[in-house]
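The chain is numbered in sequence order, starting from 1.
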Amino acid sequence: MKRRKQKRLIVLAEDANTSQLAEGFIQHYAVNEHRCRIHKYAKGWKDAAGVASALHLDRNAEDYVVLVVDFDRDDPAAEIEQGVARRISMIKKLVAGNVHPDRLFILGARSETESFKVAMRKYFKDSSLSYEGIGKALAEECTDRQNRVGAWGDDELVHN
């Protein structure tokens with residue numbers, strides 16, 4: 001009897017900081033870490049999109065891909081929503097044809113990871129949180145049925 005292939009979550013991180021954030025998230029008890037694979041971090045969001053494009057998921061059509069990036073506030077003069085939308089559009093163009101749009105998710109902080117870390121330490125009221133610790137705390141908020149928005153409603157994450 002042939003075993004059915006299990007769906008996987010492939011995480012592509014933009015840099016070391018976002019990779020640590022993803023590591024913390026999947027270490028949470030509610031996440032099945034055996035179905036998650038974090039690729040060695042990329043050298044920026046364009047490189048992460050390029051790696052996603054090279055995955056050729058047509059053979060593994062059931063897998064999901066999450067790109068963890070920071071949106072750098074790439075154009076300080078523009079509204080952050082415009083900058084985020086522009087970057088997401090660019091990533092989707094780079095990945096088009098290789099990852100089905102319904103299986104691609106792009107998450108990230110609206111600014112650089114250091115600003116994000118400061119904001120999350122303030123939100124969670126813990127000045128010692130590492131990126132992994134922040135990832136675990138965000139995963140915990142996802143399991144909290146009483147807390148509908150939480151940190152995900154913070155200026156750094158609300159666009160997700």
Side-chain angles (χ1 to χ4, degrees), residues 5-28 31-121 123-124 129-139 141-142 151-160:
K5 185 183 176 305
Q6 300 269 327
K7 295 176 184 175
R8 292 180 306 163
L9 177 68
I10 301 167
V11 180
L12 300 167
E14 171 181 343
D15 56 24
N17 295 342
T18 54
S19 182
Q20 290 170 16
L21 187 67
E23 278 288 342
F25 195 94
I26 69 166
Q27 288 173 13
H28 189 270
V31 177
N32 183 346
E33 64 185 274
H34 300 293
R35 287 199 180 170
C36 300
R37 184 177 70 181
I38 298 177
H39 273 261
K40 185 178 183 291
Y41 61 86
K43 298 175 184 111
W45 66 268
K46 286 181 184 173
D47 188 37
V51 171
S53 182
L55 289 173
H56 296 293
L57 289 182
D58 50 345
R59 282 179 263 141
N60 302 317
E62 297 294 308
D63 291 348
Y64 291 88
V65 177
V66 175
L67 267 72
V68 184
V69 300
D70 52 62
F71 290 98
D72 301 326
R73 286 190 181 251
D74 63 347
D75 183 357
E79 288 290 317
I80 185 61
E81 289 76 19
Q82 292 172 343
V84 168
R86 183 173 43 252
R87 171 121 352 138
I88 288 172
S89 174
M90 291 164 60
I91 290 171
K92 285 181 177 180
K93 283 179 187 169
L94 288 169
V95 177
N98 293 317
V99 179
H100 192 278
D102 292 344
R103 300 207 173 268
L104 174 67
F105 300 90
I106 304 164
L107 298 174
R110 71 188 256 175
S111 62
E112 293 288 340
T113 51
E114 283 302 320
S115 302
F116 169 72
K117 184 193 246 183
V118 169
M120 291 297 101
R121 284 177 167 178
Y123 175 83
F124 290 114
L129 275 177
S130 64
Y131 287 109
E132 276 190 19
I134 292 167
K136 286 178 188 173
L138 288 170
E141 285 215 336
C142 289
W152 295 95
D154 186 88
D155 283 348
E156 285 290 329
L157 292 173
V158 73
H159 58 276
N160 291 295

Between [X] and [Y], which heavy-atom pair has the shortest distance, and what is it?
| X | Y | result |
| --- | --- | --- |
| Gly108 | Leu157 | O-CD2, 4.0 Å |
| His159 | Val84 | CD2-CG1, 3.8 Å |
| Leu12 | Val65 | CD1-CG1, 3.9 Å |
| Phe124 | Leu129 | CB-CD1, 3.7 Å |
| Cys36 | Val31 | SG-CG1, 3.9 Å |
| Val95 | Ala52 | CG2-CB, 3.9 Å |

(message) Between Thr18 and Thr113, is there a side-chain heavy-atom distance shorter than 4.5 Å?
(response) yes
(message) Are Glu114 and Asn17 packed together at the side-chain level, in the sense that at least one heavy-atom pair is separated by less than 4.5 angstrom?
(response) yes
First locate atom [atom1] of [X], then atom [atom2] of [Y], and finally report the distance between them rounded to the nearest 0.5 Å.
| X | Y | atom1 | atom2 | answer |
| --- | --- | --- | --- | --- |
| Ile38 | Glu33 | CD1 | CD | 9.5 Å |
| Leu107 | Asn160 | CG | CG | 5.0 Å |
| Ile106 | Ile91 | CD1 | CD1 | 4.5 Å |
| Ser53 | Leu104 | OG | CG | 10.5 Å |
| Phe116 | Asp70 | CZ | CG | 10.0 Å |
| Ile26 | Glu132 | CD1 | CD | 9.5 Å |

(request) Consider only side-chain N and O atoms of Glu156 and Ser115, and report whether a donor and an acceptor are under 3.5 Å apart. (result) no
(request) For Gln20 and Ser130, run side chain to side chain donor-acceptor pair (under 3.5 Å): C-alpha distance rounded to whole Å, both residues' side-chain angles, the deciding distance at 0.1 Å, then the answer. (result) CA-CA 8 Å; Gln20 290 170 16; Ser130 64; over 6 Å; no
Review item, side-chain donor-acceptor pairs of residues 39-48, under 3.5 Å, at least two apart:
residue : atom : partner : partner atom : Å
His39   : NE2  : Arg37   : NH2          : 3.1
Asp47   : OD2  : Lys43   : N            : 2.9

(request) Using the ring of Tyr131 (Phe, Tyr or Trp, six-membered ring only), decide whether Lys117 places NZ or CZ under 6.0 Å from its centre and within 45 degrees of its axis. (result) yes
(message) Ring of Phe71, cation from Arg110 - is the NZ or CZ under 6.0 Å from the centre and inside 45° of the axis?
(response) no
(message) Taking side-chain hydrogen bond (donor to acceptor under 3.5 Å, both in side chains) as the definition, give me every residue that meets it alongside Glu14, ordered by chain and number, with sequence neighbours left out.
(response) none
(message) Which residues pass the side-chain hydrogen bond (donor to acceptor under 3.5 Å, both in side chains) test with Glu141, not counting sequence neighbours?
(response) Tyr123, Asn147
(message) When you measure from the side chain of Asp63 to the backbone of Lys7, do you find a donor-acceptor pair of N or O atoms at a distance under 3.5 Å?
(response) no
(request) Walk me through it: do Trp152 and Cys142 pass the test side chain to side chain contact (heavy atoms under 4.5 Å, CB included)? (result) CA-CA 9 Å; Trp152 295 95; Cys142 289; 3.6 Å; yes
